[in-house]
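Everything below concerns the one structure shown next.
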Protein chains: 2
Amino acid sequence: MASKVPIDQPEAKTTVNPAAVREAALTLFAERGYHGTALSQIAGVLGIRTPSLYNHMRAKQDLLRDIVSETTEQVWADYEQAVEGVDDVVERLRRAARVYALRHATHRREALIVNRDIASVEEPARSRVLELRRRHAQAIKGLIDEGVREGRFDEPESTLAAFGILEMCVSIARWFREDGPQSAETVADTYSTYALRVAGLG
Amino acid sequence: MASKVPIDQPEAKTTVNPAAVREAALTLFAERGYHGTALSQIAGVLGIRTPSLYNHMRAKQDLLRDIVSETTEQVWADYEQAVEGVDDVVERLRRAARVYALRHATHRREALIVNRDIASVEEPARSRVLELRRRHAQAIKGLIDEGVREGRFDEPESTLAAFGILEMCVSIARWFREDGPQSAETVADTYSTYALRVAGLG
DNA sequence: CCTACCGATCGGTAGG
DNA sequence: CCTACCGATCGGTAGG
């Protein structure tokens with residue numbers, strides 16, 4: 001028998017744990033989609049066999065559901081925090097757009113998965129996610145309406161504008177590179193300006 | 001033997017042909033994604049067995065490649081036609097955005113598939129598609145730059161603005177309903193106005 | 001257009 | 001963490 005004395009510190013080797021599984025799933029789901037990713041590929045990235053994954057997760061669907069649900073909850077929390085205590089409606093929309101844009105630059109994989117594979121999330125999680133997204137879009141629409149009433153914005157089609165603003169921010173996840181010429185913060189600032197323009201800032 | 005006299009007019013029954021297969025694939029790929037759609041589901045919609053599909057197509061991948069390639073070629077053709085003979089740069093950008101927005105309202109399924117499953121298109125078709133998309137984005141960026149030089153637009157980050165404009169139009173495919181309150185043309189007009197605002201129309 | 005069938009791979013379990 | 005294995009399903013072919 002080879003000397004395999006148990007010691008307190010394990011050999012310096014990457015530990016596989018639930019967080020590592022999620023991290024691998026995040027990358028692969030974002031690249032190939034939920035249905036385009038096999039658990040054997042996730043296992044491969046981690047250097048283990050497929051059945052060993054089940055020491056760290058319950059099911060493939062759980063990986064997707066957790067990623068989509070947590071991301072969507074955080075988007076809503078971001079929004080609430082961004083506008084909290086801010087009275088000026090222009091500044092409220094600017095901050096709401098900025099924080100949404102920023103998240104899409106800093107959490108690209110999560111954003112891509114939410115926007116691509118939301119239909120593959122099983123109930124009841126899917127309904128909860130869709131409800132949160134509706135609420136977010138409604139909140140943005142409400143800001144535009146409010147600004148129009150106050151004479152700060154000029155855009156009667158607030159629903160169309162709200163969708164346009166949000167999806168413009170989502171697009172950041174498709175092309176942003178961390179090592180690119182612009183920082184996430186700069187891009188977020190720029191896109192929040194676009195949001196105000198779409199709303200018809202006077 | 002039942003009387004099955006061949007007559008010129010076939011019994012009034014939906015004929016399965018390559019166009020019908022493509023139509024079914026279009027709907028299912030858009031709903032569930034390429035990897036999320038089984039050929040058995042396409043066959044089911046058409047009321048035939050899976051192997052019978054092969055009388056009307058060569059492979060599942062061909063269905064995807066044709067949809068994505070033809071749509072992308074048409075987007076580029078749309079663009080060229082929209083700006084042809086138009087000198088004013090503001091009008092050129094307005095028309096380019098309008099035609100792109102319009103296509104996303106009138107060809108929702110195609111647009112959803114292109115944006116979701118482009119990574120599943122095999123080479124060499126994928127490279128051709130990506131090249132056309134790059135060319136389109138570059139053209140939009142070029143219009144913004146041109147307008148800035150002429151003092152018509154005010155947006156130094158033309159690359160960011162071009163991506164934002166295009167993706168804002170893409171978003172239409174996600175929420176537009178033919179039976180909704182707005183016509184495709186109205187939505188396209190509205191979004192082309194947003195495009196000019198993002199470009200910093202003075 | 002069908003039935004019958006192919007090898008490959010899927011997500012997941014048993015049992016250690 | 002592994003090997004061995006499960007039933008189900010995948011895209012696709014043979015042959016009529």
Check: Can you check the A/Asp62 CG to C/dG12 C1' distance for me, whole Å?
Finding: 13 Å
Check: Which one, C/dG12, C/dC1, D/dA14, comes nearest to the side chain of B/Ile48?
Finding: C/dC1
Check: Can you check whether A/Leu28's main-chain N or O pairs, donor with acceptor, with A/Thr37's side chain at less than 3.5 Å?
Finding: yes
Checklist line | A/Lys60 side chain vs A/His35 backbone, donor-acceptor pair below 3.5 Å | finding: no
Next item on the list: Identify the nucleotide, in any strand shown, that forms a Watson-Crick or G-U wobble pair with D/dG16, with both distances under 3.5 Å; if there is none, say none.
Entry: C/dC1
Check: Taking the six-membered ring for Trp, are A/Trp175 and A/Tyr191 parallel (under 30°), tilted (30 to 60°) or perpendicular (over 60°)?
Finding: tilted
Notebook entry, point to check: Is the shortest distance from a Lys or Arg side-chain nitrogen in A/Asp88 or A/Arg94 to a carboxylate oxygen in the other one below 4.0 Å?
Noted result: no
Next item on the list: May I ask you to decide if B/Glu122's main-chain N or O and B/Gln61's side chain share a donor-acceptor pair within less than 3.5 Å?
Entry: yes
Next item on the list: Could you state the atom-to-atom distance from CG of A/Asn55 to C1' of C/dT13 in whole Å?
Entry: 12 Å
Margin query: I want to verify a distance call: between C/dC1, D/dA4, D/dC1, whose nearest atom is closest to the A/Pro51 side chain?
Written below: D/dA4
Margin query: One thing to verify: whether A/Lys141 and A/Asp145 come together as a salt bridge, which I'm taking to mean a side-chain N less than 4.0 angstrom from a carboxylate O.
Written below: yes
Margin query: By the 4.0 Å heavy-atom rule, please label B/His35 as base, sugar-phosphate, or nothing.
Written below: nothing
Next item on the list: Output the single nucleotide from C/dG12, D/dC1, D/dT3 whose closest atom is nearest the side chain of A/Arg49.
Entry: D/dT3
Shorter than 3.5 Å, N or O on both sides, protein versus nucleotides 6-11 of chain D: list them out with atom names.
residue : atom : partner : partner atom : Å
D/dG11  : OP1  : B/Thr37 : O            : 3.4
D/dG11  : OP1  : B/Leu39 : N            : 3.4
D/dG11  : OP1  : B/Lys60 : NZ           : 3.0
D/dG11  : OP2  : B/Leu39 : N            : 2.9

